[in-house]
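Quick note: numbers below take in every heavy atom, side chains included, and nothing from hydrogens, waters or symmetry partners. Lettering of chains follows the sequences in order, A, B, ..., and the numbering in each one begins at 1.
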Amino acid sequence: MSTILGWLDRRTGWSGPIRTIFRYPVPAHAHHNPLFTMGSLLLVLFVVQAFTGALMAFYYDPSPEGAYASVDYMQFILPFGWLVRGVHHWAASAMVVIVVLHLLRTYLYSAYKKPREMTWLVGVVLLLITVSFGFTGYLLPWDQKGYWATQVGTEIAGSVPAIGSALRDLMRGGADMGIATLTRFYSVHMLLLPGAFMVLVLAHLALMRHHGLAPALVRSGHGPEKTVPFYPTHLAIEAGVALVVIVGLIVAANLVPAPLDLRADPTDTSFVPRPDWYFLFYFQLLTFFPGSLEAIGTVAIPLFFFGSLVLLPFIDRGAERRPWRKPITSAAFVLYAVAVILLTIGGAGG
Amino acid sequence: MTQQEGGPTKAHASNESPVIGRRDVLSTFGFWIATVASAAVLGIPSIRFAVGRSLEKVVEHWVPVGAADALKPGDFTSVVYVFRVKDAWREVKKEGLIYVRPAPRGGASDFQALSGVCTHLGCNVRWNKDTSRFACPCHSGVYDSDGTVISGPPPKPLRRLETRVTEDGVLEAKI
């Protein structure tokens, strides 16, 4: 075995870089805090999505006439179709939950501060891509929920002042939703977004390793903090968390199968369009801006939200990192969280 | 880190004064011109390809709604219109929802036809006979029987459609 590995190393020269990646010293505070496993868990979930997505592409028929029947076939006829599609469905929700936890951990530890601004910014773009995966994904079964969510979603793009209708038609591939909408959403969902996601994750990881993890908020003891090797000590925990989540996804897929509504019907008046839970707060927000104020809800508030995420490391530049000593950023966090939770509840009940 | 950013190359270092030679300048220009040109010759047609026919104007159609004399005065009838249209590379059945009734004030051949699509975010509105209102289930937009917004977020009235009656007595709407 060592002869083979030695030969491989002489031919590739990879053992050095691989050792650097896996022997990396992880600070003890991060090793003992489950919130620090969220990043790698997201990577695992992305691989789960890429894999189950590639499998579904074996059977998926990206046309308005064929999409629904092909998804119905994989869900109810194919062996383990419920598992592959169910895991893909639940992992999408899990990714949103975990990405929010990951962002909250970074926020509460003020880990976005100098010199880690770029890591934070790349993370904000990754958050946008994660949400875009959800938006482009649920049209694909061409069922009522996906159809109407996309109808509303593209009309939201249509409310952007001046360029709105062009933007909407570009997203749809025409003035109305049809075959061109489905094929472009399919391409973006399974080729363009994953490609961009992978490039940015590599950048995110390289930046994280370059600067190291942000130090503990409160130091205990003297001298340099203890570390554990990334492999095997820390990776064992991450792999354990990943296993629990993957088993949880399979159980969820079994207990609550991935939903498939009736086939999309553009003329139906009995269906009440509601997006997936993680878009509900946004959906509900749009109720409050009538007439010419529409763009405030559809464009201005989301831009302000993401703008504040982008600008955060450049506004909050002090050395203080403990949340209880930073009343303004902590209050802003509570305000955002309460707003999102209240709107989600309103959207779910409305 | 590249040699340009990292300081003088070995050859330059041995001369002690860093000199940017003509070859370096040409190579730098060459690199950037080739890269930008490659991106442009592929990128510009790619963008046009991706836009495709998305931005073309929609052709208006006269679609049959039903027998003109079958419509009851006063109340709206919801009609699902269907016509065949070329959607990108396929001929498909295009469907949509309109509400139509004999015009309350007008002659026998006057009809009032409204698009069933909410002007807020495109959900289908429902006609409520008892309240004489159209209501949208998405964000609670409400319109009166003329399609005028009464409450909620819709920015515009329901689209009013032109109608005509053919010689055979078939009511058609322009969508």
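- By the neighbour-count criterion of 12 heavy atoms within 6.0 Å, atom NE2 of A:H210 is sparsely surrounded, having that number or fewer from other residues, nucleotides or ligands.
- Using a 4.5 Å cut-off between heavy atoms, B:V58 contacts chain A through its side chain alone, with no backbone atom that close.
- Interface residue B:V92: only side-chain heavy atoms are found under 4.5 Å from chain A.
- When the candidates B:V125, B:N124, B:D87 are compared by the number of heavy-atom contacts under 4.5 Å with chain A, B:N124 comes out ahead.
- For A:E294, the part lying under 4.5 angstrom from a heavy atom of chain B is the side chain only.
- At least one side-chain heavy atom of B:W89 sits less than 4.5 Å from a side-chain heavy atom of A:I179.
- We find the CG-CD distance between A:D176 and B:E95 to be 12.5 Å, quoted to the nearest 0.5 Å.
- When heavy atoms are compared at a cutoff of 4.5 Å, A:R184 approaches chain B solely by way of its side chain, counted from C-beta outward.
- Heavy-atom pairs under 4.5 Å with chain A were tallied for B:K156, B:H120, B:E56; the largest tally goes to B:H120.
- For A:M118, the CE atom is loosely surrounded, since the number of other residues' heavy atoms within 6.0 Å does not exceed 12.
- A pairwise comparison of heavy atoms in B:P153 and A:F289 identifies CB-O, 3.7 Å as the closest pair.
- Ranked by heavy-atom pairs under 4.5 Å with chain A, the first of B:G141, B:G52, B:C123, B:A88 is B:C123.
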key: Worked verdict on B:H139 versus A:F283 for ring-ring contact (aromatic ring centres under 6.0 Å, His included)   = CA-CA 8 Å; B:H139 296 96; A:F283 185 82; 4.3 Å; yes
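- Across B:G122 and A:E155, no two heavy atoms sit closer than the pair N-CG, 4.0 Å.
- Once rounded to the nearest 0.5 Å, the distance linking OG1 of A:T267 with NZ of B:K94 reads 13.0 Å.
- There is no contact between B:K93 and chain A, counting heavy-atom distances below 4.5 Å.
- With a threshold of 4.5 angstrom between heavy atoms, A:T183 approaches chain B through side-chain atoms but not through N, CA, C or O.
- Nearest heavy atom pair, residue B:S54 against residue A:G173, reads OG-CA, 3.4 Å.
- Interface residue A:F271: only backbone heavy atoms are found under 4.5 Å from chain B.
- A:F304 CZ: 12 or fewer foreign heavy atoms inside a 6.0 Å radius.
- Rounded to the nearest 0.5 Å, atoms CZ (B:R53) and CG (A:D169) are 14.0 Å apart.
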message = Pair B:L55, A:L170 - check side-chain contact (heavy atoms from CB on, under 4.5 Å), show working.
response = CA-CA 7 Å; B:L55 302 176; A:L170 282 175; 4.1 Å; yes
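- The heavy-atom pair separating A:P290 from B:G152 by the smallest distance is CB-O, 3.5 Å.
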